[in-house]
Amino acid sequence: MSWFHSSTAGVDARNYASPAEIVACFQGQRNVLGRLAFLITGDQTTADHAVDQACEMTLQGNSPFRDWLFEWAKAATIASAISHGTEAIRICEAAYKNRRCPHVEHLSRGDAEERAASLDQILGADAKELIAELDPLCRAVLVLRVAIRSSIQDCALRLNVPRAAVLGANCHAMTWLHDGHVKPAEENHDASHAV
């Protein structure tokens, strides 16, 4: 059956992103990736380093599928940013471990349209305001849930914090998001032109 593997090898190789495509994705989406990293780290220099590190790790590892390259870039950048903010994130877990979430809707990851709208909201938000109003754990959970559709369990694993703390932080972050503290990017754009 070796003919089968050799005949599909070329097809599979064409589905993987080339190094040039990986670099182009990270460069072309640098604003989005940098914003996601900044929302987690709260520091622009660290966020820029997280994006560069994610690109390097992607180039050195197994090449992702071309169709999923941007999703891969987001996940790799977020993981890098989390690794730089681990200590700050872990300090916050005690504040949420006994907090209960009465909002069933906060556990839903929503449909594609809802997720896209939420991502637009956080990307278009005043980052300094978001950082001032949400602690590092809430921000990390918010970015994970909105940008790469992580489940509560996945957030707990990625952040290395108890599930109960993630539930509490998620409740706080989603309440903040849905209560209108963050306006969609186009509303921020309209408001800045009205001044």
Side-chain angles (χ1 to χ4, degrees), residues 1-41 44-86 89 106-125 127 136-137 139-161 163 166 169-170 173-174 177 184-185:
M1 292 295 262
S2 62
W3 59 268
F4 178 76
H5 296 293
S6 62
S7 67
T8 60
V11 174
D12 288 342
R14 287 193 307 252
N15 292 329
Y16 291 103
S18 69
E21 289 170 321
I22 292 168
V23 170
C25 177
F26 276 90
Q27 287 177 346
Q29 298 293 336
R30 182 138 190 128
N31 287 343
V32 172
L33 299 173
R35 174 61 81 120
L36 294 173
F38 180 63
L39 293 176
I40 292 170
T41 64
Q44 192 61 57
T45 302
T46 306
D48 290 341
H49 180 66
V51 176
D52 293 339
Q53 186 178 37
C55 183
E56 279 302 312
M57 287 188 314
T58 302
L59 287 168
Q60 292 172 10
N62 291 328
S63 185
F65 285 111
R66 183 176 291 118
D67 293 344
W68 292 95
L69 184 54
F70 181 47
E71 292 301 315
W72 177 279
K74 287 192 298 186
T77 298
I78 290 167
S80 180
I82 288 168
S83 73
H84 291 286
T86 301
I89 290 167
H106 288 179
L107 299 179
S108 168
R109 286 183 265 181
D111 61 24
E113 192 173 300
E114 290 171 312
R115 290 191 307 264
S118 293
L119 182 57
D120 285 346
Q121 282 183 286
I122 67 168
L123 290 175
L137 176 56
R139 296 194 318 263
V141 170
L142 179 65
V143 170
L144 283 166
R145 300 275 290 155
V146 170
I148 60 171
R149 303 176 300 280
S150 293
S151 67
I152 296 295
Q153 186 63 32
D154 188 43
C155 290
L157 291 170
R158 287 176 184 265
L159 299 172
N160 195 26
V161 298
R163 188 175 190 278
V166 171
N170 178 68
M174 292 301 162
L177 181 69

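Reckoned from all heavy atoms, side chains included, excluding hydrogens, waters and symmetry mates. Only a predicted model underlies this, so the values are computations on that prediction, with no experimental measurement involved.
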What do the steps show when you test I148 against L144 for side chain to side chain contact (heavy atoms under 4.5 Å, CB included), and what is the final call?
CA-CA 6 Å; I148 60 171; L144 283 166; 3.7 Å; yes
Are R30 and D52 within salt-bridge range, i.e. N to O under 4.0 Å?
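The answer is yes: the pair qualifies as a salt bridge.
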Walk me through it: do L142 and L39 pass the test side chain to side chain contact (heavy atoms under 4.5 Å, CB included)?
CA-CA 9 Å; L142 179 65; L39 293 176; over 6 Å; no
Residues in side-chain contact (heavy atoms from CB on, under 4.5 Å) contact with S18, at least two apart in sequence or another chain:
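Applying side-chain contact (heavy atoms from CB on, under 4.5 Å) to S18 gives A20, E21.
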Locate the shortest heavy-atom distance separating [X] from [Y]; write the atom from each residue and the value.
{"X": "R35", "Y": "A125", "value": "NH1-O, 2.8 Å"}
{"X": "S83", "Y": "Q53", "value": "OG-OE1, 4.3 Å"}
{"X": "I40", "Y": "A140", "value": "CG1-CA, 4.2 Å"}
{"X": "R158", "Y": "S150", "value": "NE-OG, 3.9 Å"}
{"X": "T77", "Y": "F26", "value": "OG1-CE2, 3.7 Å"}

Using side-chain heavy atoms (C-beta onward) and a distance below 4.5 Å, is [X] in contact with [Y]?
{"X": "I22", "Y": "W72", "result": "no"}
{"X": "L177", "Y": "S118", "result": "yes"}
{"X": "V141", "Y": "L137", "result": "yes"}
{"X": "V146", "Y": "M174", "result": "yes"}

Interatomic spacing from [atom1] in [X] to [atom2] in [Y] - rounded to 0.5 Å:
{"X": "L36", "Y": "R139", "atom1": "CG", "atom2": "CZ", "answer": "13.0 Å"}
{"X": "N170", "Y": "S151", "atom1": "CG", "atom2": "OG", "answer": "10.5 Å"}
{"X": "L69", "Y": "T58", "atom1": "CG", "atom2": "OG1", "answer": "8.0 Å"}

Go through the steps for K74 and L119 under the test side chain to side chain contact (heavy atoms under 4.5 Å, CB included), then give the verdict.
CA-CA 12 Å; K74 287 192 298 186; L119 182 57; 4.2 Å; yes
Show your reasoning for whether side chain to side chain contact (heavy atoms under 4.5 Å, CB included) applies to L33 and F70.
CA-CA 9 Å; L33 299 173; F70 181 47; 4.2 Å; yes
Exam field: side chain [X] to backbone [Y], donor-acceptor pair closer than 3.5 Å:
{"X": "S80", "Y": "A76", "answer": "no"}
{"X": "T41", "Y": "A81", "answer": "no"}
{"X": "T86", "Y": "I82", "answer": "yes"}

Which of parallel (below 30°), tilted (30 to 60°) and perpendicular (above 60°) describes Y16 and F65?
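Ring orientation of Y16 relative to F65: parallel.
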